[in-house]
Amino acid sequence: MATVNAFFLVSAILLIFTGFIDAAVKKKEDSLGDKVSQMTEWNNKKAVIRMNGDKFRQYVKTTPKNYSVIVMLTALQAQRQCSVCKQANDEYTILANSWRYYQQYSNKLFFAMVDYDEGSDVFSSMKINTAPVFMHFPAKGKPKKGDTLDIHRVGFSAEQIAKWVAERTDINIRVFRPTNYSGTLALALLFALIGGLLYLKRNNLEFLYNKTVWGGLALFVIFAMTSGQMWNHIRGPPVMHKNPSTGQINYIHGSSQGQFIAETYIVFFLSILTNIKGILGACLKMQWTVKPLVKPS
């Protein structure tokens with residue numbers, strides 16, 4: 001009799017324990033479903049989900065979670081005077097829109113942002129004192145060293161961020177940029193200007209054989225390339241960097257692996273100044289002549 005009672009008691013305990021486990025699992029699944037549903041709803045409205053401290057902790061940091069989140073920590077308010085943040089936000093938005101309208105879009109990846117004035121506690125808790133910062137929060141586990149984008153090394157163009165996202169999530173995003181006709185228009189105007197100049201000078205085209213013109217163009221291209229203009233075009237670095245904490249503006253990048261656009265122009269003009277003697281010597285060799293202002297009688 002005692003054995004039967006003990007059996008029923010153990011069975012009852014197991015049933016109760018199993019019920020608690022099932023309830024916990026169901027609650028966890030319901031919580032996860034609610035989070036995914038809410039994130040998807042926000043994403044349908046905006047490609048980049050704006051978050052404050054509470055939303056960040058609930059939907060990005062706290063489990064359960066079966067999706068990755070790319071978060072841009074930034075400072076977009078005018079009083080912060082972060083021009084780099086605005087440029088980075090434009091590129092980040094292009095990437096987020098590309099993902100939202102991509103054929104392979106799913107709820108396994110979301111793009112979010114936390115502005116300093118809306119979530120300063122997030123910056124404090126993560127010991128971040130600069131902006132912008134791009135971080136990947138994986139579906140499982142905590143972010144690792146590679147989950148923070150090194151913008152000083154690779155820049156923050158949409159293509160570079162997409163490459164980094166692919167490395168961290170195995171999700172390849174094709175970047176779709178808005179159609180920009182400014183380049184085509186500028187090229188058309190340039191050809192029109194050249195065509196008009198050639199038409200006006202159609203009876204006197206000796207200037208096409210002028211060594212001075214071609215020498216000047218060659219020097220301009222050389223100085224532009226050696227100053228890093230091509231690097232700027234590929235990497236898309238900021239013009240300068242302003243520390244949001246101290247307000248100090250840096251025109252020279254602190255690393256040998258990066259540079260700012262302002263630094264490029266500084267190098268450009270320094271190259272001209274340091275080579276001015278050689279330039280003058282080349283001018284003399286090409287026998288530059290200056291026509292007299294008054295014709296002799």
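No experiment lies behind these values; they were computed from the predicted model shown.
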Correct closest heavy-atom pair for Gly155 and Leu149 would be O-CD2, 4.1 Å
For Ile151 against Pro132, the heavy-atom pair lying closest together: CD1-O, 3.5 Å
Establish, yes or no, whether a centroid distance under 6.0 Å links the rings of Tyr92 and Phe111. yes
Tell me, with the steps shown, if Gln79 and Asp117 meet side chain to side chain contact (heavy atoms under 4.5 Å, CB included). CA-CA 10 Å; Gln79 65 267 23; Asp117 292 281; 3.9 Å; yes
Check whether the side chains of Asp54 and Tyr59 place a donor and an acceptor atom closer than 3.5 Å, and report yes or no. no
Restricting to non-hydrogen atoms, name the atom on Ala262 and the atom on Tyr251 that form the minimum distance, rounded to 0.1 Å. CB-CD2, 3.9 Å
Is it true that, when you exclude Tyr265 itself, more than 12 heavy atoms of the residues, nucleotides or ligands shown sit nearer than 6.0 Å to its OH? no
For Ile49 and Lys55, what are the C-alpha separation, side-chain angles and deciding distance, and is it a side chain to side chain contact (heavy atoms under 4.5 Å, CB included)? CA-CA 10 Å; Ile49 303 171; Lys55 289 181 179 179; over 6 Å; no
Using side-chain heavy atoms (C-beta onward) and a distance below 4.5 Å, is Thr169 in contact with Lys108? no
Can you tell me how far OH of Tyr116 sits from CG of Asp121, rounded to the nearest 0.5 angstrom? 10.0 Å
Lys35 side chain vs Thr62 backbone, donor-acceptor pair below 3.5 Å: yes
Quick one: are Arg57 and Val60 in side-chain contact, heavy atoms under 4.5 Å? no
Show the nearest heavy-atom pair for residues Ile94 and Ala158, with the distance to one decimal. CG2-CB, 4.1 Å
For the residue pair Phe123 and Thr130, what are the closest heavy atoms and their distance? CE2-O, 4.0 Å
Donor-acceptor contact present, side-chain Asn52 to main-chain Gly119, <3.5 Å: no
Go through the steps for Ser157 and Gln160 under the test side chain to side chain contact (heavy atoms under 4.5 Å, CB included), then give the verdict. CA-CA 5 Å; Ser157 67; Gln160 290 296 333; 3.2 Å; yes
Distance, nearest 0.5 Å, that separates CG of Leu73 from CE of Met113: 9.0 Å
Between Ile128 and Met135, is any pair of side-chain heavy atoms under 4.5 Å apart? yes
Using atom types as modelled and distance alone, determine if a side-chain donor or acceptor of Asn250 lies under 3.5 Å from a backbone N or O of Ile252. no
Pair Tyr102-Asn97, side-chain hydrogen bond (donor to acceptor under 3.5 Å, both in side chains): steps then yes or no: CA-CA 8 Å; Tyr102 195 41; Asn97 275 312; over 6 Å; no
Is the backbone of Cys85 close enough, under 3.5 Å, to the side chain of Asn89 for a donor and an acceptor to pair up by distance? no
Mind listing the closest non-hydrogen atom pair of Val71 and Val69 along with its distance? CG2-CG1, 3.6 Å
Do Phe156 and Val84 come close enough that some side-chain heavy atom pair is under 4.5 Å? yes
From OG1 (Thr93) to CZ (Arg100), nearest 0.5 Å: 10.5 Å
Does the distance from a Lys or Arg side-chain N to an Asp or Glu carboxylate O, for Glu41 and Lys46, drop under 4.0 Å? no
Does the side chain of Thr63 reach to within under 4.5 Å of the side chain of Lys140, using non-hydrogen atoms? no
To the nearest 0.5 angstrom, please state how far the OG atom of Ser68 sits from the CD1 atom of Ile171. 6.5 Å
With a 4.5 Å limit on heavy-atom distance, are the side chains of Met39 and Lys65 in contact? no
In Å, rounded to the nearest 0.5 Å, how long is the span from CD1 of Ile70 to CG of Asp147? 8.0 Å
Using 4.0 Å as the upper bound for N to carboxylate O, is an ion pair formed by Glu159 and Arg177? yes
Does any non-hydrogen side-chain atom of Ile161 lie less than 4.5 Å from one of Phe134? yes
From Gln103 atom CD to Arg174 atom CZ, the distance as rounded to the nearest 0.5 Å: 10.5 Å
Worked check of side chain to side chain contact (heavy atoms under 4.5 Å, CB included) between Val133 and Thr148: CA-CA 7 Å; Val133 174; Thr148 300; 4.2 Å; yes
With hydrophobic residues grouped by side-chain heavy-atom distances under 4.5 Å, do Val267 and Val221 end up in a single group? no
Ignoring hydrogens and geometry, is there a side-chain-to-backbone donor-acceptor pair from Ser125 to Val122 under 3.5 Å? yes
Taking C-beta and beyond as the side chain, do Phe137 and Lys142 meet within less than 4.5 Å on heavy atoms? no
For Ser98 and Phe176, indicate whether the former's side chain and the latter's backbone hold a donor-acceptor pair under 3.5 Å. yes
Would you find a donor on one side and an acceptor on the other, under 3.5 Å apart, between the side chain of Trp42 and the backbone of Ala47? no
Looking at the rings of Trp99 and Phe110, which for Trp means the six-membered one, are their centres under 6.0 Å apart? no
